[in-house]
Amino acid sequence: MATITLLTDFGNDDEFVGVMKGAILSVNPSATIIDITHRVDPQDIVQAAYLIPSYYKYFPKGTVHIIVVDPGVGSDRSIIALEIKDHIFLAPDNGVLSLLLDSGDIDAAVNVHNSIYFLTPVSQTFHGRDIFAPVGAHLSLGVEISKMGTPIVQGELLRLRIPKPHLTDAGELMGAIISFDRFGNLVTNIKLDDINEFCGPHPGSKPIFEIGKSRIEGLSKSYQSAGLETPLALIGSRGYLEIAVNRSNAQQRFRVEKMDPIRVILAK
Amino acid sequence: MATITLLTDFGNDDEFVGVMKGAILSVNPSATIIDITHRVDPQDIVQAAYLIPSYYKYFPKGTVHIIVVDPGVGSDRSIIALEIKDHIFLAPDNGVLSLLLDSGDIDAAVNVHNSIYFLTPVSQTFHGRDIFAPVGAHLSLGVEISKMGTPIVQGELLRLRIPKPHLTDAGELMGAIISFDRFGNLVTNIKLDDINEFCGPHPGSKPIFEIGKSRIEGLSKSYQSAGLETPLALIGSRGYLEIAVNRSNAQQRFRVEKMDPIRVILAK
Amino acid sequence: MATITLLTDFGNDDEFVGVMKGAILSVNPSATIIDITHRVDPQDIVQAAYLIPSYYKYFPKGTVHIIVVDPGVGSDRSIIALEIKDHIFLAPDNGVLSLLLDSGDIDAAVNVHNSIYFLTPVSQTFHGRDIFAPVGAHLSLGVEISKMGTPIVQGELLRLRIPKPHLTDAGELMGAIISFDRFGNLVTNIKLDDINEFCGPHPGSKPIFEIGKSRIEGLSKSYQSAGLETPLALIGSRGYLEIAVNRSNAQQRFRVEKMDPIRVILAK
């Protein structure tokens, strides 16, 4: 039973995702195809980059993960296939795999250009249908990724400059809001390790999280750990610091935008 | 061929639903997973409660129905598994199964706490992934629900106070708008039986439906039974009274909100 | 492995699509069900008509394509099953298959009324569940379409008056905007063949595309072929002329609506 996941910015209004699935089933009629989401903000490579490490590891080994957030479709950007921890990834070489690359060793990497696995003629506007879908389907049938093109080394892969939390001169840990989930929770780029490292030299100290003029003290365990309508901070299911408001919407409460800063300081 | 359905308020923008499916396939790679909807209004337990009796019976016997509308995730609320009419339900014990319980006898009920079927460590923020998905997958493989925890009796299950239609002192049948569908039709909490019972003592009488200052006479058979742009009342596919406007949008026409009243009176 | 596709205007907020899938699996538990989209604008038969030729041919032969954009549900409109190029189509006889009929010969056509394949009782509001789903599932099991009712001839099928590009007295090729995709690209009703035929008598000439007061010269190969934020014209993945803005949103830029005109003239 081969599984293929799809992450795109195609939305759910058009036929694009359905067409990709048709192209997959035409090659591998027994593939199980799972949508991660198709509602990545159009062409937002950074948002997609953050999602990938959050989902792939919950799938069976051998799963083929197709990612099409691809503003460069039709230009000379490459398409790459990677094998990492028994998962296979197929994506444009535009940095969308950057955070994944940070988190694991690559077992194999290939520049995909073997057109015998493509749908022909290849359009210049819809590689999701003409390249990603049929190549992913062949990979799901067990074709080796080495068959898809020529090997590349990790250093040649395009990497995004992804904002990382850093220490300021004032001794604060400065992070940023990366995205919002459906409940209006603010997802930041700060991991639990970052907070522990920041607090570590000061045993018993408590982190304080500052968003605009608001301050939240300490990490909560769950979304219910604060009073009704009260803000709280916790480590969300993606492993990142989130700011939430119990039974309410933090995005509306704090009126923040993507890339707005979040500061961590120590309680005295 | 085991089928699993998913009803959540996770939306389609994030990776949450995809992650649940990954966790299911990791346990049962041949499960057929069907989305009911993930667009229940965030944390709206009543809306989800009304949906459940509308879909489960159209699935094959043995289907496992997972419901995650769960504002209490991470608190001490329980998770329950029920067997009703050869269908299995897995949900938080927050009343979301209330209408289902009204409609059928429970063959088995279990408080789910056997962590050998959980993904570990269990997070406090995403039981959909860590408990519901793997437990549902094991149930779909034929593991008995009794293996998932300890039996509970029906009387111990949390029930919602769900608004029901009632007779007023003035002799009217008073109901409420429960939700809107995509076409803008108003879905009420009044069933055909309620109307028949109300009209029964007056043979040949005709119900009149009042929304705000508008009146609609009699029940139509289909959405086309009134003139273009004309309001009508009918029993919708969920078995509840709906108010529609032929080829138009009743929600916009009547400017009503959830829980707004609808009155039924008798034509003289 | 039988595949069934679904195209509807049911949206993703309600349980309707999930219920159809339950009804399908109850007949054919091993069907692979693929969503094309459920976000066709409510009751927009023309929009759906344009989509169908864009997706069906990417699916395996034998696929059953169910289309439920059906404002006439519950009226006396018929339901039809067609076989075209080894694909099977099931739709209301309301013209939604018009463009498909233009593009291919019909191998068989049937007026669907054999209720032994229906879910009973058949409601007057939800034929998707009661007729389309179970009939489609039986077709996916290999039941002949002739079993579903009585043969009909192509001339008896309802056809939409779909706007087609035409030559004006001034010698311009006049088309219309049919829809927008998620990226804000304008999809027109003009095909590459129309442009070639228009330019053909003038070798070496270049088409100019006019939208409102804007002019775009020549056809680009890809969405990146123009400068950042610059408008361009190309033949999109559906085979129709599209107007796009590189890394931006043409719908917002040009402030146009469905059925607005697009003019093609020749560069001197």
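So you know, we letter chains A, B, ... as the sequences are listed, proteins then strands, and number each from 1.
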Heavy-atom cut-off 4.5 Å, strictly under: side chain, backbone, both or neither for A/Ile235 against chain B? backbone
Quick check on B/Ile24 against chain A: is it the side chain, the backbone, both or neither that has a heavy atom closer than 4.5 Å? neither
Geometric donor-acceptor pairs, no angle filter, chain A-chain B, under 3.5 Å:
| residue | atom | partner | partner atom | Å |
| --- | --- | --- | --- | --- |
| A/Thr37 | OG1 | B/Asn12 | O | 2.6 |
| A/Thr37 | OG1 | B/Asp13 | O | 3.4 |
| A/Arg39 | NE | B/Asp13 | OD1 | 2.6 |
| A/Tyr58 | O | B/Ala23 | N | 3.4 |
| A/Tyr58 | O | B/Ser26 | OG | 2.9 |
| A/Tyr58 | OH | B/Arg129 | NH1 | 3.0 |
| A/Arg182 | N | B/Asp14 | OD2 | 3.0 |
| A/Arg182 | NH1 | B/Asp9 | O | 2.9 |
| A/Arg182 | NH1 | B/His38 | O | 3.3 |
| A/Arg182 | NH1 | B/Val40 | O | 2.7 |
| A/Gln224 | NE2 | B/Pro71 | O | 2.2 |
| A/Ser237 | O | B/Arg129 | NH1 | 3.0 |
| A/Arg238 | NE | B/Glu15 | OE1 | 3.1 |
| A/Arg238 | NE | B/Glu15 | OE2 | 2.6 |
| A/Arg238 | NH2 | B/Asp14 | OD1 | 3.2 |
| A/Arg238 | NH2 | B/Glu15 | OE1 | 2.5 |

More than 12 non-hydrogen atoms from neighbouring residues, nucleotides or ligands closer than 6.0 Å to CG on A/Asp105, yes or no? no
Counting only heavy atoms closer than 4.5 Å, note whether A/Ile34 contacts chain B via side chain, backbone, both or neither. side chain
Please classify the contact between B/Phe10 and chain A as side chain, backbone, both or neither, with a heavy-atom cut-off of under 4.5 Å. both
Can you say whether B/Val17 sits under 4.5 Å from chain A via the side chain, the backbone, both, or neither, judging by heavy atoms? neither
Which of A/Ala2, A/Pro60, A/Gly236, A/Ala244 touches chain B most, by non-hydrogen pairs under 4.5 Å: A/Pro60
